[in-house]
Amino acid sequence: AVGDPYRAGGLPGDCALANATGQLDYRFVPMNWCLSSIDAKVPPYVNRSYFMGFNEPNNAHNCNTDAEKVATAWKRVMDLWPEASLVSPATAGDGIQWFDAFFGNCSRLYGKSGCRISHLAAHDYSCTASSTLGYLQKLHERYGYPVWLTEFSCGDHAQGRPTEAHLSFMREVIPMLDAAPFVERYAWMSEGRHRATRAVAMTPRRRNSLSTPRPAFIPTLASPAPVTGARDGSDLRGLVETSQGKAQLTELGRLYNSL
């Protein structure tokens, strides 16, 4: 997981410090990375009001699991988290075909209540604010759930777009996300700037009706510690960097925190 550099003052990976706050919405939300982590131990300090799973099941480089298998495994998720609001798997790219199959299988397997989903998670790297919002609205209208945009930036790590492109995109898209009634939470990708500090977590933010920041957090249970040499180490879109063991905001991080 990653510490909240804006409020907790912790280094990336300092989950306990980030979760010391008594405000539930400022704590990490647990997530299953894939089916293998369903029974992973959950830290005691997380926000158990929600539970998420899985990461990009429609992406060959991530969870990569067909919708029927995920829907079948979801029975275990529902059994383990009977009181939590369940957040759908987070798809990569255009996830509509995968979601259609997932929700269809949920209805077939479990009847009218389906997989008891309360929020829809998605990733988007379009780098065009209107396209990002249009896609999220389409998801909301098709499935009827509030959306969590749990990864976004101006293109993914492989595209290697310059920091200025991410700054420009961030300035435009975040006010639009804040204004969209169908978007409940969002998380810039990525937190850490360098490979040595990249961690498998993000810092989503939500704004309430008074437009005050309402951060929450999403760790990945399968790999709760910082990852050395993670593949998203482009140094171009991170919010945080470390210098002599201290975390500090990048230019992107300062902008993200000010909007």
J.: Please examine the side chains of Trp74 and Leu109, heavy atoms only from C-beta on, and report whether any two atoms are closer than 4.5 Å.
T.: no

J.: Yes or no on side-chain contact (heavy atoms from CB on, under 4.5 Å) for Trp33 and Ile38, after CA distance, side-chain angles and deciding distance?
T.: CA-CA 8 Å; Trp33 188 84; Ile38 289 177; over 6 Å; no

J.: Out of curiosity, Phe152 CZ to Met189 CE, how far, rounded to the nearest 0.5 Å?
T.: 12.0 Å

J.: Can you check whether Leu80 reaches Asp39 side chain to side chain, under 4.5 Å on heavy atoms?
T.: yes

J.: Could Glu164 and Arg171 be called an ion pair, given the rule that one side-chain N must be under 4.0 Å from one carboxylate O?
T.: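 Yes, charged N to carboxylate O under 4.0 Å.
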
J.: Rounded to the nearest 0.5 Å, what's the gap from CE on Met170 to OG on Ser258? Could you check?
T.: 9.0 Å

J.: Rounded at 0.5 Å granularity, tell me how far OG in Ser88 sits from CZ in Phe54.
T.: 11.0 Å

J.: Taking Ser126 for the side chain and Thr128 for the main chain, is one N or O donor matched with an acceptor at less than 3.5 Å?
T.: yes

J.: If you compare all heavy atoms of Asn58 against all heavy atoms of Gly95, which two are closest, and at what distance to 0.1 Å?
T.: ND2-CA, 4.1 Å

J.: For residues Arg161 and Gly155, report the shortest heavy-atom separation together with the two atoms involved.
T.: NH1-N, 4.1 Å

J.: Which atoms form the tightest heavy-atom contact between Ala90 and Thr150, and what is the distance?
T.: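 Between these two residues, the closest heavy atoms are CB-OG1, 3.7 Å.
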
J.: What's the verdict on side-chain contact (heavy atoms from CB on, under 4.5 Å) for Val70 and Asn105, showing C-alpha distance, side-chain angles and the deciding distance?
T.: CA-CA 9 Å; Val70 171; Asn105 278 285; over 6 Å; no

J.: Could you tell me whether the side chain of Phe99 reaches within less than 4.5 Å of the side chain of Leu120, counting heavy atoms only?
T.: yes

J.: Run the side chain to side chain donor-acceptor pair (under 3.5 Å) check on Asp100 and Tyr143 step by step: do they pass?
T.: CA-CA 9 Å; Asp100 281 351; Tyr143 304 110; 2.7 Å; yes

J.: Would you say the side-chain atoms of Ser37 pair up with the backbone N or O of Ala40, donor to acceptor, closer than 3.5 Å?
T.: no

J.: For a 4.5 angstrom cut-off between non-hydrogen side-chain atoms, does Arg116 reach Tyr110?
T.: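 Of all side-chain heavy-atom pairs linking Tyr110 with Arg116, none is under 4.5 Å.
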
J.: Does some side-chain heavy atom of Asp178 sit less than 4.5 Å from a side-chain heavy atom of Tyr186?
T.: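 When only atoms from C-beta onward are counted, Asp178 and Tyr186 do touch, with a gap below 4.5 Å.
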
J.: In terms of ring plane angle, is the pair Trp188 and Phe169 parallel, tilted or perpendicular, where the classes change at 30° and 60°?
T.: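 Rings of Trp188 and Phe169: tilted, as their planes differ by 30° to 60°.
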
J.: Would you check, one step at a time, whether the test ring-ring contact (aromatic ring centres under 6.0 Å, His included) holds for Phe103 with Trp98?
T.: CA-CA 9 Å; Phe103 286 115; Trp98 192 92; 8.3 Å; no

J.: Quick check for you: to the nearest 0.5 Å, what is the distance between Leu255 atom CG and Thr250 atom OG1?
T.: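 Output value for this atom pair is 9.5 Å.
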
J.: Applying disulfide bond (SG atoms under 2.5 Å apart), which residue pairs with at least one partner in residues 111-148 are found, sequence neighbours left out?
T.: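 Of all non-adjacent pairs touching residues 111-148, those that pass disulfide bond (SG atoms under 2.5 Å apart) are Cys106-Cys115, Cys127-Cys154.
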
J.: Nearest 0.5 Å, what's the CG-CZ distance between Leu86 and Phe51?
T.: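 The CG atom of Leu86 sits 8.5 Å away from the CZ atom of Phe51.
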
J.: Where do Tyr50 and Ala84 come nearest, in terms of heavy atoms and distance?
T.: C-CB, 4.1 Å

J.: Looking at Asn59 and His61, would you say the former's side chain and the latter's main chain have a donor-acceptor pair under 3.5 Å?
T.: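 Looks like yes, one N/O pair under 3.5 Å.
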
J.: Checking the side chain of His119 only, and the main-chain atoms of Val87 only, is there a donor and an acceptor separated by less than 3.5 Å?
T.: no

J.: So that I can tick it off, tell me whether Glu68 and Arg108 are bridged by a salt bridge, with the cut-off set at under 4.0 angstrom between side-chain N and carboxylate O.
T.: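 Yes.
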
J.: If we only count heavy atoms from C-beta on, is the Met31 to Asn55 side-chain gap below 4.5 Å?
T.: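 Yes, close enough: below the 4.5 Å cut-off.
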
J.: Over all heavy atoms of both residues, which pair between Ala129 and Met176 is shortest? Give the atoms and the distance, please.
T.: CB-SD, 3.5 Å

J.: Could you tell me the separation between the CD1 atom of Ile96 and the OH atom of Tyr135, rounded to the nearest 0.5 Å?
T.: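 If we round to the nearest 0.5 Å, Ile96:CD1 and Tyr135:OH are 6.0 Å apart.
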
J.: So, do Leu149 and Arg185 sit near enough that their side-chain heavy atoms are less than 4.5 Å apart?
T.: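 Not in contact.
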
J.: Should Lys69 and Leu35 be marked as a side-chain contact (heavy atoms from CB on, under 4.5 Å) after you check the CA-CA gap, both sets of side-chain angles, and the distance that decides it?
T.: CA-CA 9 Å; Lys69 188 173 182 179; Leu35 277 63; 4.0 Å; yes

J.: Are Thr91 and His123 side-chain neighbours, meaning at least one heavy-atom pair lies under 4.5 Å?
T.: no

J.: Ser118 and Pro146: which non-hydrogen atoms are nearest, and at how many Å?
T.: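 The pair with the smallest heavy-atom distance is O-CD, 3.5 Å.
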
